[in-house]
2 protein chains.
Amino acid sequence: MELRTLRYFVAVAEELHFGRAAARLHMSQPPLSRAIKQLETDLGALLLRRSAAGVTLTPAGATLLNEARTLLDQADQVRVRVAAAAGAAVLTVGMLGDSTDRGATRPAAVYRRQPPGIEVRIRETDLTDPTCGLRAGLVDIALTRAPFDETGLTVHDLRADPVGAVLRGVQECVQAVLWNGTVGMAPLGHDLPGELAVVPLTDMAPSRVVAAWNEGDTNPLIRSFVQIATAAYRH
Amino acid sequence: MELRTLRYFVAVAEELHFGRAAARLHMSQPPLSRAIKQLETDLGALLLRRSAAGVTLTPAGATLLNEARTLLDQADQVRVRVAAAAGAAVLTVGMLGDSTDRGATRPAAVYRRQPPGIEVRIRETDLTDPTCGLRAGLVDIALTRAPFDETGLTVHDLRADPVGAVLRGVQECVQAVLWNGTVGMAPLGHDLPGELAVVPLTDMAPSRVVAAWNEGDTNPLIRSFVQIATAAYRH
DNA sequence: GGAACTCGATACCGTACGGGTATCGTCACC
DNA sequence: GGTGACGATACCCGTACGGTATCGAGTTCC
């Protein structure tokens, strides 16, 4: 029973679907199945009932889901506390305007609960700099949207919004195409002003919300922040 | 940062000596050094100061020692709670008379603290059956002394007492050798009746206190009991 | 009722990491 | 300055983790 295995189990137990859980964990389904089975033999208990109707939790599985969540939370806090004891007490987060809603509130709250006051500074930037001042050293970590030039940066996917075309009417479309060769596009899942219509585009790569930081950055708060942000961006 | 790595760190932080910690973990020193270094880069903090005078904890290391201990304790309790939820609620422990002092009290106490009352039954046996009725199915796990016939059993070392020769006087020795080719021997670290003297024997394999259980036994309480017993036998 | 689809399990493979032994570098300490 | 102790380094090997391809069972739909 390792923390990684518990993360796997939590994913499966929350999705109740091996395929989706594997996608969420950025891995393929077979090793995930195997890991869960190993966890079951290790604990000596059946955790999941696999049936054609879907995956359900056994009593042991339900218990483990609760326990594992708190254990993983505590493990995250261990990282933060050690970082604080090591003296790294400030984390500056850069954000684009359009993701302000959910991105930073939760991680900031988690950090503020830590005993030795770690400071999280939020720096909002406009859309002209997708890296929110990462390269300039203005922020330690950026919550932003791909794609952008990733050289020298480490990028971690947080969420993939499907993309839709923003429309007002036929004339508008024609005008838009005439002007710059395309119609307006926006990630779905947001509320747009009332008179606008959005048509989902299925054959287009979804818009990725990502966390990015400078490749060699040793600030230990980055990793824990990414973990918390990952959880926060999953509704 | 995995639980295994944290166990490694706790061992080193408690021993303040890589070699002894490696011995305690039943592994060699180089991979242990490497694992600790990896943990340090993973956490982004220096945990230990290595100097010729010895190993000392940094502030970050001291914090991690505390945090890791509680996290590992909680991980052990997760195992127990899952086992309880799966319905395995009874563990019978067999013990030899001479190890009663420390073996079972601590694990039993830990188990009694668990919410869904897991029952730990203690069964003491005399020295005629070193496996305390393991093969007969009378107990789930035995705390006993090696060596004995280990076929079909899994054996886990808990402690290695150096062996001493028990003496009263020269005549006694001579008599003993004449009688059965040897003098009396006993593991050290125990209080013997006052008039007896004990001479440590250095060239003799130490007496191993071990936990043993039937090889295919799936009772999930066994593993957590072994972990707790291991900790309890280290003073 | 059979064809197609869904989804977890299985088989198999390559690599990476965790473990081992051998050895080095560097301090204390005679 | 020689020697011993101890952590770091170099190197090797086996396991185990993650990958792709495929199977098998169960549901759905025509």
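In what follows, every heavy atom counts, from backbone to side chain, and hydrogens, waters and symmetry copies are set aside.
- One atom, CZ of A:Arg50, and another, C1' of C:dT10, lie 13 Å apart when rounded to the nearest Å.
- For A:Ala212, the side chain to side chain contact (heavy atoms under 4.5 Å, CB included) partners two or more places apart in sequence, or in a different chain, are A:Leu134, A:Phe148, A:Val155.
- Expressed to the nearest 0.5 Å, how far CG of B:Leu16 lies from CZ of B:Arg49 amounts to 11.0 Å.
- Here D:dG26 presents its P atom at 16 Å from CZ of A:Phe18, a figure rounded to the nearest Å.
- Residues meeting the side-chain hydrogen bond (donor to acceptor under 3.5 Å, both in side chains) test with B:Arg34, sequence neighbours left out: none.
- Contact annotation: B:Lys37 side-chain N/O to D:dT9 OP1/OP2 distance is under 4.0 Å.
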Take nucleotides 10-23 of chain D nucleotide by nucleotide from the 5' end and write B, S or -, depending on whether a protein heavy atom sits under 4.0 Å from the base, only from the sugar-phosphate, or from neither.
-B-----BBBBB--

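- Atom CG of B:Leu25 and atom P of C:dG19 are 10 Å apart (whole Å).
- Atom CZ in B:Arg49 sits about 17 Å away from atom P in C:dC27, given to the nearest Å.
- Residues that satisfy the side chain to side chain contact (heavy atoms under 4.5 Å, CB included) test with A:Arg69, not counting sequence neighbours, are A:Val10, A:Glu14, A:Leu65, A:Asn66.
- An OP1 or OP2 oxygen of C:dG8 is reached within less than 4.0 angstrom by no side-chain nitrogen or oxygen of A:Ser33.
- For A:Arg50, the salt bridge (Lys or Arg N to Asp or Glu O under 4.0 Å) criterion is met by A:Glu40, not counting sequence neighbours.
- Applying the side chain to side chain contact (heavy atoms under 4.5 Å, CB included) criterion to A:Arg79, with sequence neighbours excluded, gives A:Arg223, A:Ser224, A:Gln227, B:Met1, B:Asp42, B:Leu43.
- In this structure, B:Glu2 atom CD and C:dC17 atom P are separated by 13 Å, rounded to whole Å.
- Atom CD of B:Glu15 and atom P of D:dC6 are 12 Å apart (whole Å).
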